[in-house]
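Comments concern the structure below.
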Protein chains: 2
Amino acid sequence: MTSARASIGNTRNPETHAAILDAAEALLAEHGYAGVSMEAVARRAGAGKPTLYRWWPSKAALLMEVYERQKSLALAELEPGACAQDDLTEFVTSMIRFWRETPAGQAFRSIVAEAQAEPAALRLLRDEMLARGRANAAAIIHRAAETGEIAPHPDAEAMMDMIFGAAWYRLLTHRLRGTAEEMPRIVAAAFAAARPGGPLALPG
Amino acid sequence: MTSARASIGNTRNPETHAAILDAAEALLAEHGYAGVSMEAVARRAGAGKPTLYRWWPSKAALLMEVYERQKSLALAELEPGACAQDDLTEFVTSMIRFWRETPAGQAFRSIVAEAQAEPAALRLLRDEMLARGRANAAAIIHRAAETGEIAPHPDAEAMMDMIFGAAWYRLLTHRLRGTAEEMPRIVAAAFAAARPGGPLALPG
DNA sequence: GGCTATCTATACGGTCCGTTCCGTAGCGTC
DNA sequence: GACGCTACGGAACGGACCGTATAGATAGCC
């Protein structure tokens, strides 16, 4: 774990980089959010605190990189299929399985918690992490509107708030079990409400 | 603020009680979650830390009492009306206005954050605070099912996850503006989906 | 060969944690 | 009126963590 790792010269040491992310991930998995301190990560990684602060300005930034690394390992890009509703269902259920089956769920919970204390973490969360997912989901919804699967002007914001909201709500209250099975009905509810004449079909 | 407050004998001093809650509330409003420490609350309240720990075993418990006190001041009990959907809409929008217009929103954000670090806080949040609101909402939904407003066996869990989830999601990402106006559509979407033949109408 | 950037290690002053002990004070009881 | 009980505030404790500063060793880059 520690194994005498030092500077390799003028360039960033990828082993140090990986060791720090590994340590953060392990602490997260073993002791949860409360177990992750910059101090503890440094200790476990056999790294110096200044090295952590050099590369990650805050705990939130570190947690976010842990999350993104997991994501790049575990989550494949989704191909658009015939039915937008199925695409969004797949998008959301695979996110939930990802939360359940990897340390990412714990990381995400921690980032949300951190965002309630640190305005910078909130901006990072909302404007960096979430923006991409929301853009993907919005694209799927707008595709559905174009093909006539739902009304031409759906309330995409409300649809996403319902769907992602339900997922967050269950993650943050530690009720993720069964959520992947529940989400298809919730996505279906959002789509049903967005059909012409439904409460999420906007005029104009 | 501090004014020489001491023991009043064998009994709990209500002034001390109030001063501590006031201090916590003020710190929450002024500096957010990060500004609330047991130490700072005690300092500001002119109280001793042992007094805090005597009455509140954790920061989460203290925050929760701040929340409940605000709630008892600001929120009236709702009378059941003719239409269950309107009742639930009113229930949820008044909760959101309460979050926006009082320090309670900040308190609630803090409790959720705390629950990601402390398992005890999570239990308190889920099994004490949320259980009541969910029971109220479930009662409204089941009333709707009995009157035929929706199908006889609605997926009440999914409906509540959608509705409360959307509210949480927007609170925790600091997007509460406009949420009270959005919620009627979301509640309507849940109810629409729970009508016979809809995706949230369960068989049996 | 000199410059530069990285890395570990250590130490610093600071805040907060949760607890302990102390002296003071008033309620309720005998 | 004396006494026990409990509440209160103050001070201090050891410990953890914060974020930063300094120093010295290493090795790539020009």
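To find a chain, count down the sequence lines: A is the first, B the second, and so on, and within it residues start at 1. Please read these numbers as outputs of a predicted model, since none were measured by experiment. Side chains are part of it too, since the values below use all heavy atoms of this structure and drop only hydrogens, waters and symmetry mates.
Taking a cutoff of 4.0 Å between a charged side-chain nitrogen and a carboxylate oxygen, Glu25(B) and Arg69(B) qualify as a salt bridge. Salt bridge Glu157(B)/Arg134(B): present, at least one basic N to carboxylate O contact under 4.0 Å. Contact check on Glu90(A) versus Arg97(A) returns a salt bridge, with a Lys/Arg side-chain nitrogen under 4.0 Å from an Asp/Glu carboxylate oxygen. Using a cutoff of 4.0 Å between basic side-chain nitrogens and carboxylate oxygens, Arg170(B) and Glu182(B) are scored as salt-bridged. Here Arg44(B) pairs with Glu30(B) in a salt bridge; the nearest charged N to carboxylate O distance falls below 4.0 Å.
In summary, the aromatic rings of Phe98(A) and Tyr67(A) are positioned with their centroids under 6.0 Å apart.
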Going through the distances and angles, do Met160(B) and Tyr169(A) end up as a side-chain contact (heavy atoms from CB on, under 4.5 Å)?
-> CA-CA 10 Å; Met160(B) 291 189 287; Tyr169(A) 183 44; 5.7 Å; no
Evaluate the criterion side-chain contact (heavy atoms from CB on, under 4.5 Å) for residue pair Asn13(A) and Ser7(A); output intermediate values, then yes/no.
-> CA-CA 7 Å; Asn13(A) 188 340; Ser7(A) 170; over 6 Å; no
Test log, rule side chain to side chain donor-acceptor pair (under 3.5 Å), inputs Gln116(B) and His174(A) | CA-CA 9 Å; Gln116(B) 308 312 311; His174(A) 222 109; over 6 Å; no
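Straight-line distance from the CH2 atom of Trp56(A) to the P atom of dT6(C): 12 Å, rounded to whole Å. Glu15(B) places its CD atom 14 Å from the C1' atom of dG9(D), with the value rounded to the nearest Å. Atom CZ of Arg44(B) and atom P of dG9(D) are 16 Å apart (whole Å). Taking atom CG of Leu52(B) as the reference point, atom C1' of dT20(C) lies 16 Å away to the nearest angstrom.
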Would you list the protein and nucleotides 11-18 of chain C atom pairs, both N or O, that sit under 3.5 Å from each other?
residue : atom : partner  : partner atom : Å
dC16(C) : OP2  : Arg43(B) : NH2          : 3.4
dC17(C) : OP1  : Met38(B) : N            : 3.2
dC17(C) : OP2  : Met38(B) : N            : 3.1
dC17(C) : OP2  : Glu39(B) : N            : 2.9
dG18(C) : OP2  : Tyr53(B) : OH           : 2.5
dG18(C) : N7   : Lys49(B) : NZ           : 2.9
dG18(C) : O6   : Lys49(B) : NZ           : 2.6

Protein N or O to nucleotides 26-30 of chain D N or O, pairs below 3.5 Å:
residue : atom : partner  : partner atom : Å
dT26(D) : O2   : Ser7(A)  : OG           : 3.2
dG28(D) : N2   : Asn10(A) : ND2          : 3.4

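For Arg54(A) and dT6(C), the shortest distance from a side-chain N or O to OP1 or OP2 is below 4.0 Å. An OP1 or OP2 oxygen of dA7(D) is reached within less than 4.0 angstrom by no side-chain nitrogen or oxygen of Trp55(B). Taking 4.0 angstrom as the limit, Arg5(A) places a side-chain polar atom (N or O) nearer than this to OP1 or OP2 of dT8(C). Phosphate proximity of dT6(D) to Arg12(B): absent, as no side-chain N or O sits under 4.0 Å from OP1 or OP2.
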